[in-house]
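Worksheet for the structure shown next.
Positions are given from 1 along the sequence.
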Amino acid sequence: MAKAVRVSKKNQHQSIQHFQPKRISPLTENQKRTFDAYDEDKHLVLHGVAGTGKSFISLYLAFDDLLSKKSQYEKIVILRSVVPSRDIGFLPGSIQEKIEVYEEPYKTITDHLFGRGDAYGILKRKGQLEFLTTSFLRGTTLSNCIVIVDEFQNCNFAELDTIITRIGTNSKVIFCGDYRQSDLDRMKEREGMQQFLSILERMEEFAFVDFTAHDIVRSGLVKQYILAKINAGL
């Protein structure tokens, strides 16, 4: 991970104007399918095993689009459920401090994509990046933005239904998740994801990409572990 770059207030505005993520190319066929579907202006459902880069490439595509000269979007919204406690009361601190715990993966990805340790914070301060939870979504309309719904296997049907009905005009939505990693305890809640997907499958606006163990790019160890787990029927 690159070290944080200190930018003086005098030069900060000029530096931010040229903010661009590193150029990333797809590493697997399903990653390429994701890139192509995004370029075709499809809403996306990226589903599959851990370590396949679903969140990483979603953020990359969103940043690359948002910060292009011809972008039609104003910001990126990262959205997720805060399972195991949707009211996040079990964590110490203020509401903002509790929410920040769930932001860490996206901060790491963002800082890596821009090669600087303050990228996530700068984009948030500029209003080009926002993190929301399903606990505070009702009454919100998400217009002119790219919405990334991460770990959506941890959302019940009511949450997913709320999310999709909050999408406003001129917005794109990307769902990322893996049913194998659901933190939901009740079977009825787990089934909500499948019910939701059965609806999206009827909509031509959505493109589905199913990532398998062969798409794992995190490490060779992770890939071999996932393959062994699948072969063991677990």
Could you give me the CA-CA distance, side-chain angles and deciding distance for S58 and L44, then say whether side chain to side chain contact (heavy atoms under 4.5 Å, CB included) is met? CA-CA 9 Å; S58 294; L44 301 176; 5.9 Å; no
Minimum heavy-atom distance between [X] and [Y], given as atom pair plus value:
X    : Y    : answer
Y60  : K22  : CE1-O, 3.0 Å
I148 : A62  : CD1-CB, 4.0 Å
T141 : G168 : CG2-CA, 3.9 Å
I230 : A213 : CD1-CB, 4.1 Å
Q20  : L67  : NE2-O, 2.7 Å
R166 : T140 : CD-O, 2.8 Å

As an exercise, state the distance from [atom1] of [X] to [atom2] of [Y], rounded to the nearest 0.5 Å.
X    : Y    : atom1 : atom2 : result
I76  : L66  : CD1   : CG    : 4.5 Å
D161 : C155 : CG    : SG    : 11.5 Å
I109 : S55  : CD1   : OG    : 5.5 Å
I226 : H214 : CD1   : NE2   : 12.5 Å
F56  : I24  : CZ    : CD1   : 4.5 Å
K75  : K124 : NZ    : NZ    : 11.5 Å

I would like to know whether V173 and L142 meet side chain to side chain contact (heavy atoms under 4.5 Å, CB included); could you show each step before the answer? CA-CA 10 Å; V173 60; L142 303 171; over 6 Å; no
Go through the steps for L129 and I78 under the test side chain to side chain contact (heavy atoms under 4.5 Å, CB included), then give the verdict. CA-CA 8 Å; L129 181 62; I78 302 170; 3.9 Å; yes
Is a side-chain donor or acceptor of [X] paired with a backbone partner of [Y] at a separation under 3.5 angstrom?
X    : Y    : answer
S171 : N144 : yes
K172 : Y38  : yes
R80  : E151 : no
D111 : Y120 : yes
S198 : Q195 : yes
N231 : L227 : yes

What about [X] and [Y], same hydrophobic cluster or not, with Ile/Leu/Val/Met/Phe/Trp/Tyr joined at side-chain heavy-atom distances under 4.5 Å?
X    : Y    : result
L123 : I174 : yes
I57  : I216 : no
L27  : F211 : no
L79  : V45  : yes
V217 : L113 : no

Between D215 and T52, a side-chain donor and acceptor under 3.5 Å: no
With a 3.5 Å cut-off and no angle check, do the side chains of Q31 and E29 form a donor-acceptor pair? no
Please determine whether the number of non-hydrogen atoms from other residues, nucleotides or ligands lying under 6.0 Å from atom CD of E205 exceeds 12. yes
Please go through L221's hydrophobic cluster and name the other residues, only I, L, V, M, F, W, Y counting, with side-chain heavy atoms under 4.5 Å joining them. none
Per the side-chain hydrogen bond (donor to acceptor under 3.5 Å, both in side chains) rule, which among N154, T133, T134 passes with E159? T134
Do the non-hydrogen side-chain atoms of [X] and [Y] ever get within less than 4.5 Å of each other?
X    : Y    : result
M193 : F152 : yes
F175 : L200 : yes
Y73  : C145 : no

Would you please classify the geometry between the H43 ring and the F206 ring as parallel, tilted or perpendicular, with 30° and 60° separating the classes? tilted
Evaluate the ring planes of F196 and F157, with Trp represented by its six-membered ring, and classify them as parallel (under 30°), tilted (30 to 60°) or perpendicular (over 60°). perpendicular
Is the closest basic N to carboxylate O distance between D150 and K54 below 4.0 Å? no
Here's one to test your reading of the geometry: is the NZ or CZ of K107 within 45 degrees of the ring axis of F131 and under 6.0 Å from its centre? no
Evaluate N170 against Q72 for side chain to side chain contact (heavy atoms under 4.5 Å, CB included), listing each step before the verdict. CA-CA 8 Å; N170 193 42; Q72 59 181 323; 2.6 Å; yes
